[in-house]
2 protein chains.
Amino acid sequence: MGITKSDKFTEAQNRLANIAKVLGHPARIAIIQHLFKIDSCICGDLVNEIGLAQPTISQHLKVLKSVGIIQGSISGTSVCYCIDQDEWNNLSEIIGQFLSQKANTVDDVCC
Amino acid sequence: MGITKSDKFTEAQNRLANIAKVLGHPARIAIIQHLFKIDSCICGDLVNEIGLAQPTISQHLKVLKSVGIIQGSISGTSVCYCIDQDEWNNLSEIIGQFLSQKANTVDDVCC
DNA sequence: AGGTTATATTCCAATATTACGATGAATAGA
DNA sequence: TCTATTCATCGTAATATTGGAATATAACCT
């Protein structure tokens, strides 16, 4: 595996795929849901909440940060994570537009 | 890597992540977009349309079929693929609901 | 400074994914 | 039947992802 031939696709296609890829892990879904649930931001409670080791959570947080979904702010020894609502709306728009596609099927030709 | 600890997450979380994962490759995004664009179904024109080898496309189609996004029907020596609009609406609903989450932030506590 | 706590990084094993050549199965047409 | 066409599957190389142990880093407190 491995090499995705990104150069064969458009910027938009790569971007969309990348966002989807980041969402493509249950731990990251769980982290996002938890951050939404707790209005206050969270730190390493996530490690307790989700049943994975601290380095693993840290890595998932990094991935989420890489597409801008979450933000972290340091407060003392702990880091407070939360959803970046603006960025979330942004991504939501991109994905939503993709999802709202409809077949302009006059008649189904075969399926 | 490798083992995703699916048992640590809910059914819904795993399902959502799985859908996202399937969408997490530009080739599959491109395939979906092309199938939407051409109202009539498509066969191995996809191989020409997208610049990847036939086995590779075939593999991506299989992944897309695995979550029910597309259907294929045989006509002669060629196979006709198209979006399963019902299933698409279904997935769209699931993802859309996830995306529409809002922070119930009264005040931002830290970020 | 020394100790504690919280988080990030590094490293590695296990596994998954991507891409494609080679091969196989099915069908249409000569 | 023979051949060409179309697609799926197998096998394999290259690469990516996950998970966690070990370790580093940073901030706080005494």
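Throughout, a chain's letter reflects where its sequence line sits, starting with A, and its residues are numbered from 1. Predicted model, so just to flag it, every value in this text is computed and none were measured.
Contact between the side-chain N/O atoms of A/His25 and the OP1/OP2 oxygens of D/dG19 is found at a separation under 4.0 Å. Contact annotation: A/Thr56 side-chain N/O to D/dG20 OP1/OP2 distance is under 4.0 Å. Between B/Tyr81 and D/dA8 there is a side-chain polar atom (N or O) within less than 4.0 angstrom of OP1 or OP2.
Contact annotation for A/Lys8: no contact, since no heavy-atom pair falls under 4.0 Å across all strands.
Within residues 64-79 of chain B, the residues having any heavy atom under 4.0 Å from DNA chain D are, by residue number, B/Thr77, B/Ser78, B/Val79.
Comparing A/Pro55 and B/Ile57, the nucleotide of DNA chain D nearest to each residue sits closer to the 5' end for B/Ile57.
Taking A/Lys65 as the reference, A/Tyr81 meet the side-chain hydrogen bond (donor to acceptor under 3.5 Å, both in side chains) condition, with sequence neighbours excluded. With sequence neighbours excluded, no residue forms a side-chain hydrogen bond (donor to acceptor under 3.5 Å, both in side chains) with A/Ser6. Considering only residues two or more places apart in sequence or on other chains, A/Lys8 meets the side-chain contact (heavy atoms from CB on, under 4.5 Å) condition with A/Lys5, B/Leu52. A search for side-chain contact (heavy atoms from CB on, under 4.5 Å) contacts involving B/Glu93 returns B/Gln97, not counting sequence neighbours. B/Gln71 meets the side-chain hydrogen bond (donor to acceptor under 3.5 Å, both in side chains) test with no other residue; sequence neighbours excluded.
The side chain of A/Thr4 has C/dA19 as its nearest neighbour among D/dT9, D/dA16, C/dA19.
For the pair A/Lys5 NZ and C/dC20 P, the interatomic distance rounds to 4 Å; values are reported in whole Å. In this entry the distance linking CG of B/Asn48 with P of D/dC7 reads 10 Å, nearest Å. Computed from coordinates, the B/Leu52 CG to C/dG21 P distance equals 11 Å when rounded to whole Å.
The aromatic rings of A/His60 and A/His25 are tilted relative to each other, their planes meeting at an angle between 30° and 60°.
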